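Down below is the structure, laid out as structure tokens.
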Amino acid sequence: MLKQRWWFGLLLACTAAAHAQAPKPQVVKPQPATAAPAQAAPVQAPAAAPAQAPAAAAAQPQDDKKREAEEKRAQAKAEQEKQAKAKRQALMNQCVIKPVMSDDDIAKCRAAYAAN
């Protein structure tokens, strides 16, 4: 029995030492974009690029509408959360725990804690 505990302790110590000595993975940061080397051939825009510009311009108002709709939803959600928080706070203010409480006081506290 003593040998089993000794081996178990040795195993745990070796495992902990192996994890402590293991090298930590290094995070590789992406290099910032640099100017192209002078030896590289100049990049020419494809001929279809001017035709895509009007399509991109037409898509921009739709993107603006989507973004505005998302902002409105986010504002409405924030407003609802603010109102709910105010309601919960009002219920908690009504609940005062005392050594002796009436049934009405207990009901107020139950409602306040249920809302939170």
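These numbers were taken from a predicted model, which means no experiment stands behind them.
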Please name all residues satisfying side-chain contact (heavy atoms from CB on, under 4.5 Å) with [X], sequence neighbours left out, ordered by chain then number.
| X | answer |
| --- | --- |
| Ala115 | Arg88, Leu91 |
| Gln89 | Asn93 |
| Lys98 | Val96, Met101, Asp105 |
| Arg110 | Ile106 |

Applied to residues 66-77, the side chain to side chain donor-acceptor pair (under 3.5 Å) test, sequence neighbours excluded, yields Asp64-Arg67

So the disulfide bond (SG atoms under 2.5 Å apart) pairs with at least one residue in residues 70-100 (sequence neighbours excluded) are Cys95-Cys109

NZ of Lys65 to CD of Gln62, rounded to nearest 0.5 Å, is 7.0 Å

